[in-house]
Amino acid sequence: MTFRKAAVLGIGLIGGSLALGLKEKAGLEVYGFDVSESALKWAESAGVIHQGHTNLESAVANADLVVIAVPVGTTPRLMEQLAELPLKSNCIVTDVGSTKGVVTKAGMVFSSRGVTFIGGHPMAGSHRSGVQAADPHLFENAYYVLTPHQETSLFQVQRLSRLLEKATGAKLVLMDPEHHDRVVGAISHLPHVVAAALVNQVGRYNEENEWFFRLAAGGFRDLTRVAGSHPLMWRDILLSNRDAVVQLLDDWIRDMQEIQSAVKHRDSERIEWFFQNAKTLRDKLPDRKKGILTEEYDCYVNMPDHPGEIGKVATLVGEAGCNLSNLHVMENREATQGVLRLVFRDREELERAVNRLRQSGYEVFLIEEENQEKK
Ligand SMILES: NC(=O)C1=CN([C@@H]2O[C@H](COP(=O)(O)OP(=O)(O)OC[C@H]3O[C@@H](n4cnc5c(N)ncnc54)[C@H](O)[C@@H]3O)[C@@H](O)[C@H]2O)C=CC1
Ligand SMILES: O=C(O)C(=O)Cc1ccc(O)cc1
């Protein structure tokens, strides 16, 4: 089953960048759909898409893949409209939204129609927006998270992963939607709120005296870069990740009160610890460019919901002489099967472990087979 035609709904920064990759690197026929005729015209003339449509039905007719790349607040409504249309059997629908809980639930609308929905989030972007900023290299070496439901066919997950890997050069990983929203809430949504709050605060002082902005140098500019992002997009993201963001802000406010109290009481030890701890942790952040594609080799194991299964898998891996560098259980809610992600630092160890697990009857799924073959 090969992908021949893709329809990208929302030809902006992310939709345009993906369209370029699907067209140029994966060789697909790419149709675009957008409410903005000028975006479609621009995309057509710049060769980002083959054809632009303002009619949804004509854009998705005969598509093997539909990518939804509109603001997250708009995605559920667009999914409902899409589910009413005749889609090709075996068609995969995915999205690129920055939150995954709400969208994955809305994706259930496709399950009764024989269409596979798999939520997605490329973890790279920019504070710019619109198709003019589209870049086929935007996602290279970044993580690209997919959040399949426990019942989603692994075959379809694998097909989509391979295609996206080819089209973007990103590293595909699978994650539970709620886990994704908490993690991305902490590393992306909260920082955007903090950056905007800092700019708003200093902006208020600057109204009284313009030296505030005039003296704003390196640190302030670096820290607040993302405050230049699209306001409507970030409004939608916070509303769509409400529970996680509210909880993260509770923690943030508590931490700010703690450092405020330490300063007020001249608690020098506490203040020093605050900065020392941050420095130690910051120094340990993985180096994106060097790290991802060279050092991690992972596979996913389909797990029957029996007690002791994780122990059995770990024992088999150990018996094969392989060192697990990480093990992650994709959180399993009401479903009967779970998925275990096993990470190795060494390709041969990964291969030995996969063989051993398959011989013992486990269904093991490798997203990165092609990527690793290249090395
Ligand atoms: N900007 C970033 O850095 C990243 C954004 N994302 C996600 O990607 C999605 C798109 O974001 P961007 O490309 O940055 O936004 P954008 O503003 O550049 O593009 C959005 C496009 O969707 C179109 N659109 C809006 N409503 C529509 C509708 N109902 N039907 C058809 N088209 C519609 C707009 O006309 C525009 O062309 C969002 O869900 C965002 O959360 C994900 C990763 C990074
Ligand atoms: O440019 C930056 O720092 C970003 O934060 C880009 C970005 C924005 C939204 C996402 O969901 C993922 C990445």
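Atoms considered below: every heavy atom in the structure, side chains included; atoms not considered: hydrogens, waters and symmetry mates. Just follow the structure's listing: the first ligand is 1, and inside any ligand the first atom is 1.
Where the criterion is an N or O separation shorter than 3.5 Å, residue side chain and backbone included, Asp34 meets it with respect to ligand 1. For Leu9, no nitrogen or oxygen atom sits less than 3.5 Å from a nitrogen or oxygen atom of ligand 1, counting backbone and side chain alike. Looking at ligand 1, you won't find any N or O of Gly15 less than 3.5 Å from one of its N or O atoms.
Between Ala133 and ligand 1 there is no heavy-atom distance shorter than 4.0 Å. Residue Trp234 places a heavy atom less than 4.0 Å from ligand 2. In this structure, Ile11 counts as a contact residue of ligand 1, since one of its heavy atoms falls inside 4.0 Å of the ligand. Note on ligand 1: Met123 sits outside its first shell, no heavy atom being nearer than 4.0 Å.
Between Phe220 and Phe213, the ring planes lie tilted relative to each other; the angle falls in the 30° to 60° range.
Between His50 and Tyr31, the distance from one ring center to the other does not fall under 6.0 angstrom.
The Ser98 neighbourhood of ligand 2 comprises atoms 9 (C), 10 (C), 11 (O), with distances under 4.0 Å to a heavy atom of that residue. Atoms of ligand 2 lying under 4.0 Å from any heavy atom of His121, numbered from 1 in the order shown and given with element: 10 (C), 11 (O), 12 (C). The atoms of ligand 2 that sit less than 4.0 Å from any heavy atom of Val226 are 2 (C), 3 (O). Interface of His192 with ligand 2, defined as ligand atoms under 4.0 Å from a residue heavy atom, comprises 5 (O). The contact set between ligand 2 and Ser126, taken as ligand atoms under 4.0 Å from a residue heavy atom, comprises 1 (O), 6 (C).
For atom 3 (O) of ligand 2, the closest non-hydrogen atom of the protein is Arg225 NH2, 2.9 Å.
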